[in-house]
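Structure first, then comments.
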2 protein chains.
Amino acid sequence: MTAAPDARPITVALVDDYDVVLKGLAHLFDEYRDRVLVAEIDTNRAVSDAVDVVLYDSFAQPESDHHEIDELIANPRARRVVMYTWNFHPELVESARQKGVHGYLSKTLTAPQLVAAIEAVHAGELVFSDQSRRAPSAPGLDWPGRLHGITDRESEILALITQGKSNADVAALTYLSPNTVKSYIRSVYRKIGAASRTQAVLYGVQHGFTPDTHRIDHWMGGP
Amino acid sequence: MTAAPDARPITVALVDDYDVVLKGLAHLFDEYRDRVLVAEIDTNRAVSDAVDVVLYDSFAQPESDHHEIDELIANPRARRVVMYTWNFHPELVESARQKGVHGYLSKTLTAPQLVAAIEAVHAGELVFSDQSRRAPSAPGLDWPGRLHGITDRESEILALITQGKSNADVAALTYLSPNTVKSYIRSVYRKIGAASRTQAVLYGVQHGFTPDTHRIDHWMGGP
DNA sequence: GAGTTTTACACCCCCAGGGGTGTGCCGCCA
DNA sequence: TGGCGGCACACCCCTGGGGGTGTAAAACTC
């Protein structure tokens, strides 16, 4: 299990709405290009290449039922679909399982662990990370505002607010309590110097917290 | 007084933060290029050409004391400074007078009236429009959202909100009652389909309600 | 003339949001 | 070990903002 079942690296497409998130994730595979190759990066675009595995990052997804998973499962170019997320709420895990995902992986996995999990999925296994409580994201991952000292969780909250979501919406989407959302809002406001939601949203618009819409083919000379 | 005192057209610079506002204003002079020539259009930029008259449009200015007037008066390249506005609140008129403006003109003036007023200012007169109550803007003027059915007043309110101002701030800046501001907010939300302030701000960001920052020289072949 | 729209404003009601306080757990570091 | 930061959450208090109702005057349209 330490090498791919065949000699060709596994091709993956990375899917999410935030450029910086996907680029950080893509870089996780830099040292594993003999085993896993990033063929495509899609922000808000359908997967266009035929790939072995689609890795779908759930950062700041605006729909809680993840209808985008349905689309990825139905896409003939996506051989295997894997969810990549912090969120292990039982409803979500079960829903994804029933939609037919081949893997449900934690963003806390280190790069080698992630590569191994992708290989297992590619080999036909169903791989569900065990995750009982929130832990730090794997080193190397990225998210909007990270360089400004904004944590990954705060970043997701601010991204959802910048999409126009109310606190109640954000709570429902993240499976957090409304009180928790308020706490995150307070802490991120302090970090960006916002005195109101509008100011926070304007900051978000100007600093990469709005969804992107483009595709990157041939990431670092990939196929 | 129907022709300029000398044979050279009066050169004017137009100053405001909103591109579409200034372009609409510039077009007012299209048929009067023998008398008034637009030499420069500045959004958030200092006047760089030597001009006869600077026409300073007050649309959605974020500071009520108009410190920008001080800068224009002090600018040696601006021979005469004229305020162009809907707002005839006595405090504002008096403040501008004391700062040394050479004219305080209403946006309700028709193009010929405006040209005549500019000529009078150029000739050395102090020209203050008489304006007791709000009337419709002159035909030909423009503002963000006009094509979407948003009135000039609604447009200014939404522009200020999109700058991150609270209702109280907006009321102070526009010399309106907070109740009036709320009424405008309600009506503009209906027109743009916004259910919250954040949604309205996101609309504003995407539809030209944020301040611009550039200069246009040689408007339509001008000097 | 009647109806509509726009400007300007009042008042009632209420909740979404944000200020504050605090708890508990975990991981990390000096 | 103590302190700090992050995640997750509770509760209190209050106001900014937005839903609603209405008035008045002027301009515009059919």
Side-chain angles (χ1 to χ4, degrees), chain A residues 86-89 106-108 131-139 141 143 145-146 149-158 160-161 164-172 174-201, chain B residues 85-89 106-108 131-139 141 143 145-146 148-158 160-161 164-172 174-201:
Chain A
W86 292 305
N87 201 336
F88 282 74
H89 192 277
S106 169
K107 297 181 84 165
T108 62
Q131 180 75 45
S132 57
R133 196 181 183 281
R134 183 67 187 274
S137 298
L141 288 185
W143 50 85
R146 183 180 61 85
I150 294 175
T151 68
D152 45 17
R153 193 49 129 174
E154 286 165 347
S155 179
E156 185 170 41
I157 302 288
L158 180 55
L160 289 170
I161 286 176
K165 307 297 180 188
S166 65
N167 289 358
D169 290 339
V170 174
T174 54
Y175 291 85
L176 299 175
S177 146
N179 297 305
T180 306
V181 171
K182 283 187 183 180
S183 293
Y184 281 119
I185 285 168
R186 279 194 291 261
S187 75
V188 75
Y189 281 17
R190 273 194 299 271
K191 288 181 180 179
I192 64 177
S196 69
R197 202 175 192 86
T198 300
Q199 287 171 18
V201 166
Chain B
T85 183
W86 293 305
N87 202 336
F88 282 75
H89 192 278
S106 168
K107 297 182 83 164
T108 62
Q131 180 74 48
S132 56
R133 193 181 183 281
R134 183 65 188 273
S137 296
L141 288 184
W143 52 84
R146 183 181 60 86
H148 205 100
I150 294 174
T151 68
D152 45 17
R153 192 51 127 176
E154 285 165 350
S155 179
E156 185 170 42
I157 301 289
L158 180 54
L160 289 170
I161 286 176
K165 307 297 180 188
S166 65
N167 289 358
D169 291 338
V170 173
T174 53
Y175 290 85
L176 298 175
S177 145
N179 298 305
T180 306
V181 170
K182 283 186 181 181
S183 293
Y184 281 119
I185 283 168
R186 278 194 291 261
S187 76
V188 75
Y189 280 16
R190 272 194 300 270
K191 288 180 180 179
I192 65 178
S196 68
R197 202 175 191 83
T198 301
Q199 286 171 19
V201 166

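Source: prediction; values computed, not measured. Every chain is numbered from 1, with letters handed out A, B, ... down the list of sequences.
Atom NE2 of A/His89 is separated from atom C1' of D/dA8 by 13 Å (rounded to the nearest Å). For A/Arg186 and D/dA10, the CZ to P distance is 12 Å, given to the nearest whole Å. At whole-Å resolution of the value, CH2 in B/Trp86 and C1' in C/dT7 are 12 Å apart. Between A/Leu160 atom CG and C/dA16 atom C1' there is a gap of 17 Å when expressed in whole angstrom units. As a whole-Å value, the separation of A/Lys165 NZ from C/dA16 C1' is 17 Å. When the P atom of C/dA16 is taken as reference, atom CG of B/Asn167 falls 17 Å away, rounded to whole Å. For A/Ile185 and C/dG17, the CD1 to C1' distance is 8 Å, given to the nearest whole Å. Atom P of nucleotide C/dG19 and atom CD of A/Gln199 are separated by 11 Å, given to the nearest angstrom.
When heavy atoms are screened at a 4.0 angstrom cut-off, B/Asp152 is found touching the sugar-phosphate backbone but no base atom. A/Ser187 comes within 4.0 angstrom of nothing in the nucleic acid, heavy atoms only. Within 4.0 Å (heavy atoms only), A/Thr180 reaches at least one base atom of the nucleic acid. Looking at heavy-atom distances under 4.0 Å, B/Asn179 makes contact with a base.
Counting distance only, with no hydrogens placed and no angle test, the side-chain atoms of A/Arg153 and the base atoms of D/dG6 include no donor-acceptor pair under 3.5 Å.
No side-chain N or O of B/Thr198 forms a donor-acceptor pair with one of B/Ser196 less than 3.5 Å apart. B/Ser155 and B/Asp152 form no side-chain donor-acceptor contact under 3.5 Å, judged by distance and modelled atom types alone.
An OP1 or OP2 oxygen of D/dG17 is reached within less than 4.0 angstrom by no side-chain nitrogen or oxygen of B/Ser196. For C/dC9, neither phosphate oxygen OP1 nor OP2 lies less than 4.0 angstrom from any side-chain nitrogen or oxygen of B/Ser177. The phosphate of D/dG6 (OP1 or OP2) has a side-chain N or O of A/Lys191 nearer than 4.0 angstrom. The phosphate of C/dG18 (OP1 or OP2) has a side-chain N or O of A/Arg197 nearer than 4.0 angstrom.
Among D/dC7, C/dG18, C/dT7, the nucleotide with an atom closest to any side-chain atom of A/Tyr184 is D/dC7. Picking from C/dC9, D/dG17, C/dG19 the nucleotide with the shortest atom distance to the side chain of B/Leu176 gives C/dC9. When the nucleotides C/dG17, D/dC7, D/dT21 are ranked by their closest atom to the side chain of A/Lys182, C/dG17 comes out on top.
With a 4.5 Å cut-off on side-chain heavy atoms, B/Ile192 and B/Ile150 count as touching.
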side-chain contact (heavy atoms from CB on, under 4.5 Å) between A/Leu176 and A/Tyr184, intermediate numbers included: CA-CA 11 Å; A/Leu176 299 175; A/Tyr184 281 119; 4.0 Å; yes

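Rounding to the nearest 0.5 Å places CD of A/Glu154 at 3.5 Å from OG of A/Ser187.
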